[in-house]
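Protein chains get the first letters and strands the later ones, always in sequence-line order, with residue 1 at the start of each. Basis for what follows: all heavy atoms, side chains included, without hydrogens, waters or symmetry-related copies.
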Protein chains: 2
Amino acid sequence: MLKLTKKADYGLMALKYLAEHPESPALSAKDVADAYGIPAQLLAKILQRLTKAGMLRSQAGINGGYALAKDARTISAYEVILAIDGPFFITSCSKGAKGCELGPNCTIREPLARVNETIAGVLKSISIQDLAEHESAPASPGCDSKDLITLTG
Amino acid sequence: MLKLTKKADYGLMALKYLAEHPESPALSAKDVADAYGIPAQLLAKILQRLTKAGMLRSQAGINGGYALAKDARTISAYEVILAIDGPFFITSCSKGAKGCELGPNCTIREPLARVNETIAGVLKSISIQDLAEHESAPASPGCDSKDLITLTG
DNA sequence: TGTAATCCCGACCAAATTAGTCGTATACTA
DNA sequence: TAGTATACGACTAATTTGGTCGGGATTACA
């Protein structure tokens, strides 16, 4: 239904959180998980992926944890999602190298590639820094404000 | 993983197919399903939705079937997806009226609303006519051409 | 050198979503 | 009135996602 997985969400939230706490040399997976009330072990796995992808530095042991490996401005939402969920393409065919197995179905795929590119472009244009700047938005009266929902339907 | 459902794909394909065959007064769900090798009953349900949404006209009985209710140029990919899959929002929170139940999680949602808007915008800018014009692209050597995949990863 | 905190990682189970089927009712045409 | 088609809801199956478990490797510090 064209939405991010929770894992990607969690990853973005965690990176945002780390970007907001540059004073700590490292925050553990548990620290971040507790801050948002999300499962610690799940977040741990996500942070491991981001580490492998080079966005985080990790340190084991007491007072260990994770810290941004790069400037928050240089980490795009795109690479985060890519690292966590793998490559995406909005149409169902073209899963990896298989291509579309259903004959002429991909007639639809080519025009929609433009959409895919646009999505990738916007996601690339958004950095962790951008997310961090939104610092618990003061004017928004709550998460269920209606104005955002209308645009979706 | 940020991709369309197969149902949405099928719906777009079917509309495209109908747009390409304006000479027939109506094509049955089976006709279209056979043309693409997709399950007829599933497609039938999808076409029923599109009919209820006003994009198709249906006729029961012999030689019945479906035909576009509007000009192919006036049907956007956006409304098709919306009719089939319902409203979407790329972040996991904000499902319908529930809002985000996980406390401060939505710190990420607001900046990503821009992404959502952009996606909706591109989808709105693509019409069934656009899809139909791509008429089994002659130059593409196959569905598994690599150039499109690279942009996703 | 030992212990506690922490990352690392693969296998596994559970929940949710999506895909697809079935059965029946209804509408239309010849 | 027989045959073909849509309409629609309930149901099952498959896939994907979310989350857990357990063992192992690092690191800091007493």
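Recorded end-axis angle for the helix from C/dT1-D/dA30 to C/dA30-D/dT1 stands at 10°, based on five pairs per end and rounded to 10 degrees.
Straight-line distance from the CG atom of B/D34 to the P atom of D/dA5: 11 Å, rounded to whole Å. The distance between atom CD1 of A/I81 and atom P of D/dT17, rounded to the nearest whole Å, is 13 Å. Straight-line distance from the CG atom of B/L27 to the P atom of D/dT4: 18 Å, rounded to whole Å. Across the protein-nucleic acid pair, A/I38 atom CD1 and D/dT20 atom P stand 11 Å apart, rounded to whole Å. When rounded to the nearest whole Å, the span between CZ of A/R57 and P of D/dT27 equals 14 Å. A straight line from NZ of B/K6 to P of C/dT18 spans 13 Å, rounded to a whole angstrom. Rounded to an integer number of Å, the gap from A/I84 CD1 to D/dG18 C1' is 13 Å. Note: NZ (A/K3) to P (C/dA16) measures 12 Å, nearest angstrom.
With sequence neighbours excluded, the residues that form a side chain to side chain contact (heavy atoms under 4.5 Å, CB included) with B/A19 are B/L68, B/A72, B/I128, B/A132. Every residue two or more places apart in sequence or in another chain that forms a side-chain hydrogen bond (donor to acceptor under 3.5 Å, both in side chains) with B/D71 is listed here: B/R73. A search for side chain to side chain contact (heavy atoms under 4.5 Å, CB included) contacts involving B/D34 returns B/K30, not counting sequence neighbours. Residues passing the side-chain hydrogen bond (donor to acceptor under 3.5 Å, both in side chains) test with A/S127, sequence neighbours excluded: A/D130. Residues satisfying the side chain to side chain contact (heavy atoms under 4.5 Å, CB included) criterion with A/E79, sequence neighbours excluded, are A/M55, A/K70, A/I75, A/S76. Applying the salt bridge (Lys or Arg N to Asp or Glu O under 4.0 Å) rule to A/R114 yields no partners; only residues at least two apart in sequence or on another chain are considered. In terms of the side chain to side chain contact (heavy atoms under 4.5 Å, CB included) criterion, residue partners of A/A77 (sequence neighbours excluded) are, by chain and number, A/L12, A/L123, A/I126.
Closest contact between the side chain of A/P39 and the listed nucleotides C/dC8, D/dT20, C/dG20 involves D/dT20. Residue B/T5 has its side chain nearest to C/dT18 when only D/dG19, C/dT18, C/dT6 are considered. Closest to the side chain of A/L42, from the set C/dG20, D/dT20, D/dT6, is D/dT20.
Residue A/I108 comes nearest to B/D9 through the heavy atom pair CD1-O, 3.6 Å, listed as atom of the first residue, atom of the second, then distance. Closest of all the heavy-atom pairs between A/F88 and A/I119 is CE1-CG2, 4.3 Å. Here the closest non-hydrogen pair linking A/A113 and A/F89 is CA-CZ, 3.9 Å.
Of the side-chain N and O atoms in A/Y10, none sit less than 4.0 angstrom from OP1 or OP2 of D/dG18. Taking 4.0 angstrom as the limit, B/S58 places none of its side-chain polar atoms (N or O) nearer than this to OP1 or OP2 of D/dA5.
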Could you pull out all donor-acceptor pairs under 3.5 Å where a side-chain atom in residues 39-53 of chain B meets a protein atom, sequence neighbours excluded?
{"unit_1": "B/R49", "atom_1": "NH1", "unit_2": "B/A83", "atom_2": "O", "d": "3.3"}
{"unit_1": "B/R49", "atom_1": "NH1", "unit_2": "B/I84", "atom_2": "O", "d": "3.1"}
{"unit_1": "B/T51", "atom_1": "OG1", "unit_2": "B/L47", "atom_2": "O", "d": "2.7"}

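Screening residues 53-66 of chain B for salt bridge (charged side-chain N to carboxylate O under 4.0 Å, His left out) gives no qualifying pairs among residues at least two apart or on separate chains.
Residues from residues 44-52 of chain A lying near DNA chain C, meaning a heavy-atom separation below 4.0 Å, are A/K45, A/Q48 in numerical order.
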TODO: Encode nucleotides 23-30 of chain C as B, S and - characters from 5' to 3', where the letter depends on protein heavy atoms closer than 4.0 Å: B to the base, S only to sugar-phosphate, - to neither.
DONE: ----BBS-
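When the nearest nucleotides of DNA chain D are assigned to A/A40 and B/Y66 by heavy-atom distance, the more 5′-ward of the two goes with B/Y66.
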